[in-house]
Asks: 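Sending over a structure as structure tokens; questions will come in a sec.
Everything numeric here is computed off the predicted structure, so don't read it as measured data. For this chain, numbers begin at 1 and follow the sequence in order.
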Amino acid sequence: RDYTGQPLTSPDVTLSSGHIINGEIYDYKATGTVTNAYDGEKGDGVVTNTIVYSTTAAFKPVNYEIELKEGQLEINPREVKLTSQTKSKEYDGTPLTMPQVTIGPNDFVEGEVTDIRATGSVTYVTDGPNHDGKVPNTIEYTPAGNFDARNYRIEKNEGELSITRRTGTMVIETLSDSKVYDGSALYCPNQTLHGSLAQGDRLVVSNYVSDLVNVGSKLNTFESFRVENEAGQDTTANYTFGEPIYGTLKITARPLTITVADNTVTYDGQPHGKADPAYTVNQAAVDAAGKDNGVGLVNPSVGDKTQTHTLTGTDIAFTAVNARTYENQLNMVKGNVKILSGNQDVTGNYAITILPGTLTISQRPVTFTGETATKVYNGEAQSITAIAQSGLVEGHTLADMTYAATGTDAGEFPGAFKDEAKIMNGTEDVTANYAITKKEGKLTITAVTDKVIVTVTEKSGTVTYDGQAHSVHGYATMSSNNAL
């Protein structure tokens with residue numbers, strides 16, 4: 001029989017032929033016993049079922065021809081078939097175990113084996129002896145009591161546990177971002193994952209490329225990625241990843257306004273405009289959130305930038321000499337304006353707007369003053385004609401206009417200008433550049449106040465009396481002791 005843990009005996013003895021006289025042989029029985037499959041002389045669980053008997057005093061061996069046909073008692077190993085389950089699942093970050101074990105057709109003898117179980121466990125597609133996500137669902141048990149493996153023929157049918165990659169293709173999509181040029185790199189280390197990760201896993205994207213500094217655009221790429229669990233173990237192999245979808249990084253031109261200052265000067269015969277390039281440039285500032293407002297010349301006081309940008313090529317091309325208003329003529333040549341960061345030309349990163357200024361050359365005040373003089377009466381017409389000027393540019397002269405104050409008798413004689421004033425710069429008429437003021441003078445003739453002895457020699461005449469009245473008019477000579 002198969003091993004049961006109990007002794008196997010078969011004490012019955014059968015008298016197969018002949019007979020026993022008067023009970024001379026009695027109490028015959030088989031005394032063989034075997035318990036284990038390894039008992040017996042050969043250790044094969046086979047023992048002789050020895051026959052023993054008792055005899056009376058009358059028994060004489062010569063009277064009997066006794067043949068003992070002794071059987072064998074045999075214990076066969078107990079067949080026990082242990083079967084563990086086979087199962088596969090998609091990776092979910094948790095171990096796959098199937099500890100149940102099916103036992104049949106025979107069980108272990110009671111008390112000899114405990115805790116029969118399947119211990120296979122697989123979590124990742126890289127587990128297993130071949131790193132293919134497959135492991136045997138190993139069967140184990142705990143011997144107890146009188147267990148001896150020689151009493152059993154144990155067959156283990158061990159199943160296989162396997163993990164397959166997570167269903168679906170995972171796709172990493174990096175985000176897009178943009179900003180106004182500020183001299184620093186645009187960095188956007190953010191992404192969206194299309195597809196679901198197992199609980200406890202997370203995506204780690206490393207080494208985003210952050211080399212976009214100047215105006216332009218590029219894909220938001222990265223160098224590597226991995227999926228890791230809470231312990232930091234790389235679990236990427238448990239997923240299928242498709243090609244990434246890259247967002248776009250874009251830096252737009254920074255608005256910059258150059259305001260050329262208005263300029264007002266008084267006409268002085270010299271060119272103005274180019275020599276007066278006063279201007280203002282709006283500077284970067286912080287907004288309400290404390291960030292760069294994205295407008296104006298980059299400077300290190302805003303944000304985390306270290307460079308200072310400067311302007312060159314800001315000369316004013318326009319010049320003018322004559323008095324008038326030159327509206328919006330004070331302008332820079334846009335193509336000449338350069339913005340430098342140290343020695344690096346960063347002009348292309350700015351959207352430059354130039355607001356031209358107005359040059360006003362006002363008329364130069366000039367005053368022409370007619371001569372004022374006092375003369376003593378001399379009995380003849382007297383005149384004054386000098387003109388004094390105040391305000392003419394050096395080298396400019398008055399032409400055409402004359403001035404005179406004339407009188408004979410004692411009194412005041414106002415002066416008067418004749419013709420319009422013309423101001424010349426060599427052969428060029430520059431009169432329109434002046435605001436002319438005329439101030440007339442006067443001639444004062446005073447009476448003679450010194451003592452004068454005047455000798456008058458009258459005229460005389462001789463006629464013959466004719467009864468008519470005759471007279472002589474005028475004088476022949478007049479002289480004085482002091483000039484009149």
Asks: If only side-chain N and O atoms count, and only distance matters, is there a donor-acceptor pair under 3.5 Å linking Glu90 with Thr164?
Replies: no
Asks: Any non-hydrogen side-chain atom of Tyr403 less than 4.5 Å from a side-chain atom of Lys418?
Replies: no
Asks: Can you list every pair that meets salt bridge (Lys or Arg N to Asp or Glu O under 4.0 Å) and has a residue in residues 155-166, with sequence neighbours left out?
Replies: none
Asks: Which residues pass the side chain to side chain contact (heavy atoms under 4.5 Å, CB included) test with Ala144, sequence neighbours left out?
Replies: Thr114
Asks: Could you check whether any side-chain heavy atom of Thr431 comes within less than 4.5 Å of a side-chain heavy atom of Ile436, counting everything from C-beta outward?
Replies: yes
Asks: Hey, are Lys442 and Glu371 close enough for a salt bridge, meaning a charged N less than 4.0 Å from a carboxylate O?
Replies: no
Asks: Going by side chain to side chain donor-acceptor pair (under 3.5 Å), name the pairs with one or both residues in residues 381-397, residues two or more places apart or in two chains.
Replies: Ser383-Thr406, His396-Tyr434
Asks: Extract all donor-acceptor atom pairs below 3.5 Å that involve side chains of residues 224-232 and protein atoms in other chains or at least two apart in sequence.
Replies:
from	atom 1	to	atom 2	distance (Å)
Arg226	NE	Glu228	OE1	3.3
Arg226	NH2	Gly232	O	2.7
Glu228	OE2	Arg202	NE	3.2
Glu228	OE2	Arg202	NH2	2.6
Asn229	OD1	Ala231	N	3.0
Asn229	OD1	Gly232	N	3.1
Asn229	OD1	Gln233	N	2.8
Asn229	ND2	Tyr124	OH	3.0
Asn229	ND2	Gln233	OE1	3.3

Asks: Measure across Asn106 and Val80 and return the closest heavy-atom pair with its distance rounded to 0.1 Å.
Replies: O-CG1, 3.6 Å
Asks: What closest approach, in Å, do Tyr91 and Thr123 show between heavy atoms, and which atom pair accounts for it?
Replies: CD1-O, 3.2 Å
Asks: With sequence neighbours excluded, what pairs up with His131 under the side-chain hydrogen bond (donor to acceptor under 3.5 Å, both in side chains) test?
Replies: none
Asks: Mind checking what makes salt bridge (Lys or Arg N to Asp or Glu O under 4.0 Å) contact with Arg117, not counting sequence neighbours?
Replies: Asp115, Glu140
Asks: Using side chain to side chain donor-acceptor pair (under 3.5 Å), reason through Asp201 and Tyr239 one step at a time and then give a plain yes or no.
Replies: CA-CA 11 Å; Asp201 280 2; Tyr239 299 89; 2.7 Å; yes
Asks: Hey, does Asp262 have a side-chain heavy atom less than 4.5 Å from the side chain of Leu330?
Replies: no
Asks: Considering all heavy atoms of both residues, which atom of Pro356 and which atom of Asn328 are nearest to each other, and what is their separation?
Replies: CB-O, 3.4 Å
Asks: Between the main-chain N or O of Ala317 and the side-chain N or O of Asp315, is there a donor-acceptor pair closer than 3.5 Å?
Replies: no
Asks: Just checking, any donor-acceptor pair under 3.5 angstrom between side chains of Lys87 and Thr97?
Replies: no
Asks: Keeping Ser84 on the side-chain end and Gly159 on the backbone end, is there a donor-acceptor pair under 3.5 Å?
Replies: yes
Asks: Is Asn282 reaching over with its side chain to a backbone N or O of Thr257, donor-acceptor style, under 3.5 angstrom?
Replies: yes
Asks: Who pairs with Lys89 by salt bridge (Lys or Arg N to Asp or Glu O under 4.0 Å), at least two apart in sequence or on another chain?
Replies: Asp92
Asks: Would you please indicate if the ring centroids of Tyr246 and Phe222 are separated by under 6.0 Å?
Replies: yes
Asks: Would you call the rings of Tyr141 and Phe147 parallel, tilted or perpendicular if under 30° counts as parallel and over 60° as perpendicular?
Replies: perpendicular
Asks: Going by the rule side-chain hydrogen bond (donor to acceptor under 3.5 Å, both in side chains), which residues pair with Thr102 if we only count those two or more places apart in sequence or in a different chain?
Replies: none
Asks: Is there side-chain contact between Val286 and Asn293, with at least one heavy-atom pair below 4.5 Å?
Replies: no
Asks: If you compare all heavy atoms of Val101 against all heavy atoms of Ala118, which two are closest, and at what distance to 0.1 Å?
Replies: CG2-N, 3.4 Å
Asks: Does Lys422 have any salt bridge (Lys or Arg N to Asp or Glu O under 4.0 Å) partners at least two apart in sequence or in another chain, and if so, which?
Replies: Asp400
Asks: Taking all heavy atoms of Leu256 and all of Val281, pick out the closest pair and write down the distance.
Replies: CD1-CG1, 3.3 Å
Asks: Please check if the distance between the ring centroids of Tyr181 and Tyr350 is under 6.0 Å.
Replies: yes
Asks: Using every non-hydrogen atom in the two residues, find where Ile172 and Leu193 come nearest and quote the distance to one decimal.
Replies: CG1-CD1, 4.0 Å
Asks: Test your reading of the model: is there a side-chain donor-acceptor pair from Lys334 to the backbone of Ile352, 3.5 Å cut-off?
Replies: yes
Asks: Is there a side-chain contact between Asp345 and Ile339 (heavy atoms, below 4.5 Å)?
Replies: no
Asks: Pick out which of Leu249, Asn220, Leu219 makes a side chain to side chain contact (heavy atoms under 4.5 Å, CB included) with Leu212.
Replies: Leu249
Asks: For the pair Ser210 (side chain) and Tyr187 (backbone), establish whether a donor and an acceptor sit closer than 3.5 Å, ignoring hydrogens and angles.
Replies: no
Asks: Which residue pairs pass the salt bridge (Lys or Arg N to Asp or Glu O under 4.0 Å) test when at least one of the two sits in residues 463-475, sequence neighbours left out?
Replies: none
Asks: Quickly, which of Ile245, Val205, Leu175 forms a side chain to side chain contact (heavy atoms under 4.5 Å, CB included) with Gln191? Name it, please.
Replies: Val205
Asks: Taking only residues two or more places apart in sequence, or in another chain, which ones meet Thr280 in a side chain to side chain contact (heavy atoms under 4.5 Å, CB included)?
Replies: Thr259
Asks: With a 3.5 Å cut-off and no angle check, do the side chains of Asn190 and Tyr208 form a donor-acceptor pair?
Replies: no
Asks: Who passes salt bridge (Lys or Arg N to Asp or Glu O under 4.0 Å) against Asp211, sequence neighbours left out?
Replies: Lys218
Asks: Got a donor-acceptor contact below 3.5 angstrom from the Asn137 side chain to the Met98 backbone?
Replies: yes
Asks: Take Glu420 and Lys438, measure what salt bridge (Lys or Arg N to Asp or Glu O under 4.0 Å) needs, and give me the verdict at the end.
Replies: CA-CA 10 Å; Glu420 292 298 322; Lys438 300 175 185 177; 3.6 Å; yes
